[in-house]
Amino acid sequence: MTTFAPPRGMRDFYPEDFRARDALFSAWRETARLHGFEEYDAPVVETMELLERKAGEEISDQIYTFVDKSDRRLALRPELTPSLARMIIARQGALSFPLKWSAIGQCFRYERMTRGRKREHYQWNLDIVGEESVLAEAEVIGAAVAALRRLGLSANEFQVRVGSRAVLAELFARSGIGQEHFMACCLALDKRGKISDDEVARLLEEEGLATRDIERVFELLAITTLDQAAAAVGADSAALAQIRELFSLAGPLGFAPFLTFDLAVIRGLGYYTGIVFEAFDTAGKLRAIFGGGRYDSLLSNLGGQKMPCVGLGFGDVVVMELLADCGKLPATARRVDFAIGFMDDPSRDLALRAALAVRAAGKSCDLALAAEKPKKFFARADRAGALHAIYIGPDEVQSGTFSIKPMDDRRPWTASLDSFAERLAGPA
RNA sequence: GUGGGUAUAGCUCAGUUGGUUAGAGCGUUGGAUUGUGGCUCCAAAGGCCGUGGGUUCGAGUCCCAUUACCCACCCCA
């Protein structure tokens, strides 16, 4: 039996859905433009070779893979960063750095679905390639915050938590905890607030940590301020100095109220090397809104020249859930400047000429495709969100004039085809 | 992957201890109104009651399986 639902985890965008999506994309695009990012694009299909080299084998079972008719191993991209890296490396000698690139791309992951997670989503990426300064992090985070503010969200509704894998690694090293336990400790930190401390301790015990080390981990869990971190890691820590600088840059860039220091932000596995960050709704109901960080080794790992990079990914699903929860979904009413209809076939010619005049003036026009009774035409014009309606019948054809009716009940006005075109071209 | 819940019209949902021809609101279409939308009134269309089996004289209703969706956990950008 055929089904008319899209495949699991995939989405249809009916026109009303598309308008909402377009409003989000517009906020992303306009924000990227305001921050001086150039837009690029890459194919949805990439080679498995590229994706494997970056991620290792462990996530390959979450990638949509297939073999093409020439036995190439291909995949639907799970994220945009590998494609970006590939494009950068391909022209590494020709591009001038640092560069700031932006993309909106559809990405796929074969995972279990929960709220805010589908098997397909659109992700806005911002990347700065070739800049060591923390100002790169500040620009990227500032842009993402600006996009959320443009969508109507405030510091009451979301916060960007900033951590540093480098700082965390220094803390663990100074505490004498073995490098081999680093990831397990990160997982424990990641669970802070979700399960009880006793359960965290049990997890660490299972990992094989000594009781003394577990106590140390809990001391690190208590660190919530930069000053506490400084006391633990030492005032001369370069990694900590970078975080401090990020916070000081956030002031003049206008997003300091959105930043929170949080060592628990580690961004799971992967290629991040320094500062990492994630934005969350303050209610704590949703997954991360956006996340990213510094990945200084990715280009060299892929075979390019080593080059410092900062980037973030910002998906469409979670932010739309948050906007819905806050009652701040963008208004997406259908809009068209003019609706034009006609009563019978002899009236059609004049209607078509009026539509041509409207479109020539750069205004949008929904032209009726068949003769309609006035009642039906005006009802349709209303539903289409037309600002003005023009209805042509025998009377109009005979007089050579027609009336332009504002649908919001302002007074209609009458014009010939020529005077109508003239007025459209004018400052009205 | 584990546990729980749900599945009836395009949407949101009723549907009595199992009993005739399965309902409402919204939406859609048509009419009231043969040259003017919204408001009102009338009417129509629209259903394999998720799917497959079972119990029964009889199943939307009870049982089993299956699929999909929702919630929590697990995992994770």
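Residue numbering restarts at 1 for every chain, and letters A, B, ... go by the order of the sequence lines.
- Ranked by how close their nearest RNA chain B nucleotide is to the 5' end, A:G291 and A:S403 are led by A:S403.
- Of the candidate nucleotides B:A77, B:G37, B:G35, B:G35 has the atom lying nearest to any side-chain atom of A:Y391.
- Ring geometry for A:Y122 versus A:F13: interplanar angle over 60°, hence perpendicular rather than tilted (30 to 60°).
- If you look at A:F314 and A:W28, their ring centroids are closer than 6.0 Å.
- Note: A:F342 and A:Y391 fail the aromatic proximity criterion, with ring centroids not under 6.0 Å apart.
- One atom, CZ of A:R334, and another, P of B:G27, lie 17 Å apart when rounded to the nearest Å.
- Between the side chains of A:E46 and A:S83, at least one donor N or O sits under 3.5 Å from an acceptor N or O.
- The side chain of A:D409 approaches B:G37 more closely than any other nucleotide in the set B:A77, B:U28, B:G37.
- Of the candidates B:G35, B:G38, B:A77, the closest approach to any side-chain atom of A:D382 belongs to B:G38.
- A donor atom on one side chain and an acceptor atom on the other are found under 3.5 Å apart for A:S419 and A:S416.
- Residues A:F420 and A:F402 bring their aromatic ring centres within 6.0 Å.
- Here, B:G10 and B:G4 have their P atoms 31 Å apart, quoted to the whole Å.
- When the C1' atom is compared between B:C26 and B:A45, the two are found 16 Å apart, to the nearest whole Å.
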Exercise. Under a 3.5 Å cutoff on both atom distances, Watson-Crick or G-U, what's the dot-bracket for RNA chain B ([ ] crossing, | other strand)?
Worked result: (((((((..((((.....[...)))).(((((.......))))).....(((((..]....))))))))))))....
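- Among B:U28, B:A77, B:U36, the nucleotide with an atom closest to any side-chain atom of A:P374 is B:U36.
- As rounded to the nearest Å, B:G3 and B:C64 have P atoms that lie 15 Å from one another.
- Distance OH (A:Y14) to C1' (B:G27): 15 Å, rounded to an integer number of Å.
- For the pair A:E79 CD and B:A77 C1', the interatomic distance rounds to 7 Å; values are reported in whole Å.
- Remark: C1' of B:G1 and CZ of A:R117 are 12 Å apart, rounded to the nearest angstrom.
- Defined by atom type and a distance below 3.5 Å, a donor-acceptor pair is present between the side-chain atoms of A:S102 and A:W124.
- Straight-line distance between the C1' atoms of B:A24 and B:U8: roughly 13 Å, to the nearest whole Å.
- The separation between A:K375 atom NZ and B:G35 atom P is 13 Å, rounded to whole Å.
- Considering only side-chain atoms of A:D395, the nucleotide from B:G38, B:G35, B:G30 that sits closest is B:G35.
- Remark: the separation of the C1' atoms in B:C11 and B:U55 is 35 Å, to the nearest Å.
- Of the two residues near RNA chain B, A:P394 and A:R383, the one whose nearest nucleotide lies more 5' is A:R383.
- Straight-line distance between the C1' atoms of B:G19 and B:C13: roughly 24 Å, to the nearest whole Å.
- A:G393 comes within 4.0 angstrom of a nucleotide base, judged by non-hydrogen atoms across all strands.
- With P as the reference atom, B:C49 and B:G27 are 27 Å apart, rounded to whole Å.
- Within 4.0 Å of A:A379, counting heavy atoms only, lie sugar-phosphate atoms of the nucleic acid but no base atom.
- Look at CZ on A:R161: it is 16 Å from P on B:A77, rounded to the nearest Å.
- Contact annotation: side chain of A:E396 to base of B:G35, donor-acceptor pair present below 3.5 Å.
- In this model, no donor atom of one side chain and acceptor atom of the other lie less than 3.5 Å apart for A:Q159 and A:T282.
- Regarding A:K373, its NZ atom lies at a distance of 13 Å from the C1' atom of B:U29, rounded to whole Å.
- Under a cutoff of 6.0 Å and an axis angle of 45°, A:R161 and A:F261 do not form a cation-pi pair.
- B:U12 and B:U56 have their C1' atoms separated by 34 Å, given to the nearest Å.
- One interatomic measurement links the two molecules: CE of A:M10 to C1' of B:A68, which rounds to 16 Å at whole-angstrom precision.
- With hydrogens and angles left out, the side chain of A:K376 and the base of B:G37 share no donor-acceptor pair within 3.5 Å.
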